[in-house]
J.: 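Submitted below is the structure of interest, expressed as structure tokens.
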Amino acid sequence: MVETEGSSENIPASTRRIPISLRRIVTPRTVRVSVLKPILNIARFFVGDTIPRVDGPNALYDAIKSHKDRGIEVSKADTMLLTKLIALLLKHGKDPNNFEKVELYHALRLLSGLVLYVIEDDYFFIPTVTEHASHEKLGWLALKLAKAHDGRTEKLEKTISALNLKFNCASELSVVEAGLPPYMLTKEIKKALVKLKVHLVEGEKIFGRHTQEDRKDAHQTRLNEAYRRSWRLIARLISIPPSADHPKLRKRIIGRELRAIELDALGAKYLSEAEQTDQAEQLLAETEQNFGEVVNEANKEELATRIKEVASQVAVEGQAAESDEDAGWFFDMD
């Protein structure tokens with residue numbers, strides 16, 4: 001990793017991630033530019049209402065413990081920020097009849113879920129200057145995050161409804177495509193549609209071979225999420241044209257969503273870098289569980305290799321994409 005001023009001491013040298021903090025000197029502007037604005041920018045990577053909210057302070061505490069148990073590093077800066085969020089959730093969750101407190105509580109749940117995602121993600125990390133972010137500033141950040149996130153989600157839902165983008169199987173995706181006006185079928189969207197069809201068809205083939213109801217039900221849930229992510233991605237690409245989008249943000253959104261859709265369609269599990277020590281054995285076990293079929297000598301190597309490629313693709317592509325990339329573009333987004 002190339003060291004940058006203000007980078008975390010505990011970031012592994014083998015990973016290259018965009019630092020949220022670029023400065024060591026702490027001023028009110030540093031906290032705003034190095035913490036508050038970047039966290040709002042991170043939320044823009046999520047398409048639709050997909051930020052994983054926490055249920056409350058106890059759930060946030062359990063999630064922190066789970067991260068540590070899974071070998072995911074929770075740095076001192078991470079802990080400081082999460083501790084403040086737990087305190088805020090405890091403070092603002094006591095009076096359900098107070099509308100302002102309820103609104104702030106739900107916003108804090110959203111912010112907490114986003115911070116947990118950032119800790120596990122290989123692309124971002126929490127800055128050391130979070131220790132100087134007051135409870136008041138974090139409450140303001142949570143409300144601003146919720147407002148911006150809800151606005152983007154509402155815009156996507158309107159696009160989905162207006163263009164009738166919802167579908168429940170891969171074959172219906174072709175119907176959706178046929179119903180789009182020709183000017184919307186740009187090269188970018190056509191390319192995304194081709195990949196979506198491939199992922200969904202592969203997933204449905206696997207689903208059709210299930211022989212046990214519990215596995216079939218579990219896979220159906222994942223397939224439904226793949227369909228939802230698919231129509232949200234289409235809506236995102238249509239509602240925000242390339243000319244109005246940051247090109248690197250757009251590229252990463254497309255890549256991330258396509259990977260998530262493929263994983264959900266296959267019923268596969270994404271393993272973070274911290275969990276990949278015994279990856280081959282875990283992936284084969286996951287293959288056997290989710291494919292719902294007898295994994296024999298003829299197909300087990302192919303299936304395990306395929307899932308391993310998907311699960312590890314985030315880290316591989318991330319390192320390649322970031323080799324000639326600096327953090328400037330991320331901070332420049334308004």
Side-chain angles (χ1 to χ4, degrees), residues 6 8 18-68 74-121 123-156 330-334:
S8 174
I18 278 188
I20 296 180
S21 174
L22 293 180
R23 299 175 178 84
R24 291 178 185 271
I25 301 173
V26 178
T27 66
R29 183 178 184 280
T30 301
V31 174
R32 178 175 60 81
V33 174
S34 298
V35 182
L36 307 182
K37 180 182 176 183
I39 287 179
L40 293 175
N41 279 347
I42 290 170
R44 296 170 64 180
F45 285 77
F46 290 81
V47 178
D49 193 19
T50 53
I51 294 178
R53 293 172 175 81
V54 300
D55 290 333
N58 292 334
L60 179 53
Y61 177 83
D62 291 341
I64 298 169
K65 185 176 183 299
S66 174
H67 273 45
K68 293 180 178 178
V74 182
S75 70
K76 181 180 178 181
D78 301 338
T79 303
M80 284 183 175
L81 184 55
L82 291 167
T83 300
K84 290 178 182 180
L85 288 172
I86 289 175
L88 285 167
L89 285 166
L90 287 168
K91 177 181 178 180
H92 296 288
K94 294 179 180 179
D95 189 0
N97 296 318
N98 186 316
F99 174 77
E100 290 185 358
K101 279 197 171 185
V102 170
E103 183 182 24
L104 178 55
Y105 184 76
H106 290 307
L108 288 166
R109 289 177 53 222
L110 183 69
L111 176 58
S112 299
L114 181 61
V115 171
L116 286 172
Y117 176 88
V118 170
I119 292 171
E120 190 168 355
D121 188 77
Y123 194 54
F124 304 103
F125 65 85
I126 302 298
T128 57
V129 294
T130 52
E131 64 184 290
H132 300 280
S134 66
H135 284 198
E136 291 74 17
K137 283 292 185 183
L138 289 177
W140 172 88
L141 173 63
L143 290 171
K144 193 170 182 65
L145 168 67
K147 182 179 179 180
H149 181 68
D150 291 346
R152 285 191 292 266
T153 300
E154 183 180 359
K155 183 176 182 178
L156 283 190
F330 177 77
F331 293 92
D332 291 338
M333 289 194 299
D334 293 323

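Please read all numbers here as calculations on a predicted model, not as lab measurements. Counting from 1, the numbers follow the sequence of the chain as shown.
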J.: State the CG-CZ distance between L114 and R109, to the nearest 0.5 angstrom.
T.: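 Nearest 0.5 Å value for the CG-CZ distance: 14.0 Å.
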J.: Using side-chain heavy atoms (C-beta onward) and a distance below 4.5 Å, is L143 in contact with L108?
T.: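 The answer is no; the side chains never approach within 4.5 Å.
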J.: Please report the closest heavy-atom contact between Y105 and G56, naming both atoms and the distance.
T.: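 Looking at all heavy atoms of both residues, the shortest contact is OH-CA, 3.4 Å.
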J.: Could you pull out the closest heavy-atom pair between A107 and A142, with the gap in Å?
T.: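 Between these two residues, the closest heavy atoms are CB-O, 3.3 Å.
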J.: Drop me the distance from L141's CG to L111's CG, to the nearest 0.5 angstrom.
T.: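 That separation rounds to 5.0 Å.
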J.: Roughly how far, to the nearest 0.5 Å, is NZ of K137 from NZ of K144?
T.: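 The NZ atom of K137 is 11.0 Å from NZ of K144, to the nearest 0.5 Å.
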J.: Sequence neighbours left out, cut at 3.5 Å: what donor-acceptor pairs do the side chains of residues 47-54 make with other protein atoms?
T.:
{"unit_1": "D49", "atom_1": "OD1", "unit_2": "R53", "atom_2": "NH1", "d": "2.8"}
{"unit_1": "D49", "atom_1": "OD1", "unit_2": "R53", "atom_2": "NH2", "d": "3.2"}
{"unit_1": "D49", "atom_1": "OD1", "unit_2": "H149", "atom_2": "NE2", "d": "3.1"}
{"unit_1": "D49", "atom_1": "OD2", "unit_2": "R53", "atom_2": "NH1", "d": "3.4"}
{"unit_1": "T50", "atom_1": "OG1", "unit_2": "V47", "atom_2": "O", "d": "3.3"}

J.: Once you round to the nearest 0.5 Å, how far does NE2 of H92 lie from CG of L88?
T.: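 Nearest 0.5 Å value for the NE2-CG distance: 5.0 Å.
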J.: Give, for atom NE2 of H106 and atom NZ of K101, the distance between the pair rounded to the nearest 0.5 Å.
T.: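 The NZ atom of K101 is 14.0 Å from NE2 of H106, to the nearest 0.5 Å.
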J.: One pair to check against side-chain contact (heavy atoms from CB on, under 4.5 Å): I64 and D78. What are the steps and the verdict?
T.: CA-CA 10 Å; I64 298 169; D78 301 338; over 6 Å; no
J.: Look up atom NE2 in H67 and atom CD in E120, then write down how far apart they are to the nearest 0.5 Å.
T.: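 It comes to 4.5 Å.
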J.: With a 6.0 Å cut-off (strictly less than), is the heavy-atom count around OH of Y61, excluding the residue itself, greater than 12?
T.: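 It does not: Y61 OH has 12 such atoms or fewer within range.
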J.: For D55 and L60, what are the C-alpha separation, side-chain angles and deciding distance, and is it a side-chain contact (heavy atoms from CB on, under 4.5 Å)?
T.: CA-CA 7 Å; D55 290 333; L60 179 53; over 6 Å; no
J.: Please find the pair of heavy atoms, one from L145 and one from L110, that lie closest to each other, and give the distance.
T.: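 The answer is CG-CD2, 3.9 Å.
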J.: Indicate whether the side chain of T153 and that of D150 have a donor and an acceptor atom separated by less than 3.5 Å.
T.: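 Absent: no donor and acceptor within the cut-off.
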J.: Which atom pair, heavy atoms only, marks the closest approach of L104 to G139?
T.: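 Minimum heavy-atom separation between L104 and G139: CD1-O, 3.6 Å.
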J.: If the test is side chain to side chain contact (heavy atoms under 4.5 Å, CB included), which one of T79, L81, I86 qualifies with T83?
T.: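 The residue from T79, L81, I86 that satisfies side chain to side chain contact (heavy atoms under 4.5 Å, CB included) with T83 turns out to be T79.
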J.: So L89 and S112, do their side chains get closer than 4.5 Å, heavy atoms only?
T.: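 Counting from C-beta outward, S112 and L89 do come under 4.5 Å.
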